[in-house]
2 protein chains.
Amino acid sequence: MPEDCKVETALEILVGKWKPIILYQLFSQGTMRFSELQKALPDITKKMLTSQLRELEYHDIVHREIYLQIPPKVEYSITEYGMRMAPLLQAMNEWGMSHIEHLNELYGAEMQAKR
Amino acid sequence: MPEDCKVETALEILVGKWKPIILYQLFSQGTMRFSELQKALPDITKKMLTSQLRELEYHDIVHREIYLQIPPKVEYSITEYGMRMAPLLQAMNEWGMSHIEHLNELYGAEMQAKR
DNA sequence: CCGGATCCCAACCGATACTG
DNA sequence: CAGTATCGGTTGGGATCCGG
């Protein structure tokens, strides 16, 4: 039965213009401050960075640590549970890379995996 | 470097309100006619079914076989290349199922993995 | 420094009607 | 049967400004 397909559940968590790249940063850099994420992702607005992080936090993928001080300091990191996503992200990344090659073979290399 | 993250490439192909369930149908049923897909997905409109299938076809995941006859007959199936997505979809499905359980533990079972 | 609130636009999606 | 055309609603995301 179609209801048994939970691919969409996995997608929910990853879908969002900035989520994959945010996760990539946190996975590779470890703990990062809000401003460090901003620096790493120059084109994202504060609003988007906040909302994307909040959704990841809701799903227990990202942990938000608030330091009560002036000026404020907030650090983000991958949760222990979030670490369990690593193999999946790795698999998606590898599949994505090979798919880009495949598209180049199909349609030629003059395009860069645009759809 | 962030540009090496191709998770988004994999997402591009799966994102779309009906793509996962369409793939689920084709993977489990094999070849299906347009009308059979419509029957299996009662809430999808022809327009959406067509457009989602076209995008999957562009990415060489789905094959479209047209029979020139009256009335028309068109069959859709997973391409040989598309078959290589099976392990990834399987992994995403399993991760999704376990994540639903995890959310239930976190927030209680009164909600069904809604965000 | 780390956001929230508001407004706005573009892309996505649905309903309906029409066609080879 | 298997689509296309058109229109209109909804939602995700960006720009800007305000606040603790």
Verify the contact: side-chain N or O of Y76(B) to OP1 or OP2 of dC1(D), cut-off strictly under 4.0 Å; return yes or no.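 Looking at the OP1 and OP2 atoms of dC1(D), neither is under 4.0 Å from any side-chain N or O of Y76(B).
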Is there a side-chain polar atom (N or O) of S35(B) under 4.0 Å from OP1 or OP2 of dA2(D)?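 For dA2(D), OP1 or OP2 has a side-chain N or O of S35(B) closer than 4.0 Å.
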Which pairs with one or both residues in residues 66-79 of chain A pass salt bridge (Lys or Arg N to Asp or Glu O under 4.0 Å), sequence neighbours excluded? K73(A)-E75(A)
Per-nucleotide protein contact string for nucleotides 14-20 of chain C (B base, S sugar-phosphate only, - none; heavy atom under 4.0 Å): BB----B
Between [N] atom [atom2] and [X] atom [atom1], what is the distance in whole Å?
X	N	atom1	atom2	result
R33(B)	dG3(D)	CZ	P	10 Å
E36(B)	dG3(D)	CD	P	13 Å
F34(B)	dA2(D)	CZ	C1'	6 Å
I21(B)	dC13(C)	CD1	C1'	17 Å
M32(B)	dC1(D)	CE	P	15 Å
R54(A)	dG13(D)	CZ	P	16 Å
L49(B)	dC1(D)	CG	P	14 Å
E75(A)	dC1(C)	CD	P	15 Å

List the residues meeting side chain to side chain contact (heavy atoms under 4.5 Å, CB included) with [X], not counting sequence neighbours, and say none if there are none.
X	value
E94(A)	Q90(A)
R54(A)	T50(A), E57(A), R64(A), Y76(A)
E80(A)	none
T45(B)	K47(B), M48(B)

Tell me whether M97(B) shares a hydrophobic cluster with Y81(A), the cluster being built from Ile, Leu, Val, Met, Phe, Trp, Tyr side chains joined at under 4.5 Å. no
Quick check on the hydrophobic clustering: are I66(A) and L53(A) connected, directly or via other members, by side-chain heavy-atom contacts under 4.5 Å?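 Cluster IDs for I66(A) and L53(A) match.
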Which nucleotide in the list dC2(C), dA2(D), dG13(D) gets nearest to the side chain of Q52(A)?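 Closest of the options to the side chain of Q52(A): dG13(D).
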Considering only residues two or more places apart or on different chains, which pairs with a residue in residues 34-54 of chain A satisfy ring pair (Phe, Tyr, Trp, His ring centres under 6.0 Å)?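 The answer is none; no pair qualifies.
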Residues at least two apart in sequence or cross-chain that pass side chain to side chain donor-acceptor pair (under 3.5 Å) with E36(A), listed by chain then number, are none
State which residues pass side chain to side chain donor-acceptor pair (under 3.5 Å) with E65(A); sequence neighbours excluded, sorted by chain then number.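 If we apply the side chain to side chain donor-acceptor pair (under 3.5 Å) test to E65(A), skipping adjacent residues, the hits are H63(A).
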W95(A): partners by ring pair (Phe, Tyr, Trp, His ring centres under 6.0 Å), with sequence neighbours left out: H99(A)
Just call it for Q38(A): base, sugar-phosphate, or nothing, with non-hydrogen atoms closer than 4.0 Å on any strand. nothing
Between the axis at one end of the helix from dC1(C)-dG20(D) to dG20(C)-dC1(D) and the axis at the other (five pairs apiece), what's the angle to 10 degrees? 40°
Using a heavy-atom distance cut-off of less than 4.0 Å, which residues of residues 64-71 of chain B contact DNA chain D? R64(B), P71(B)
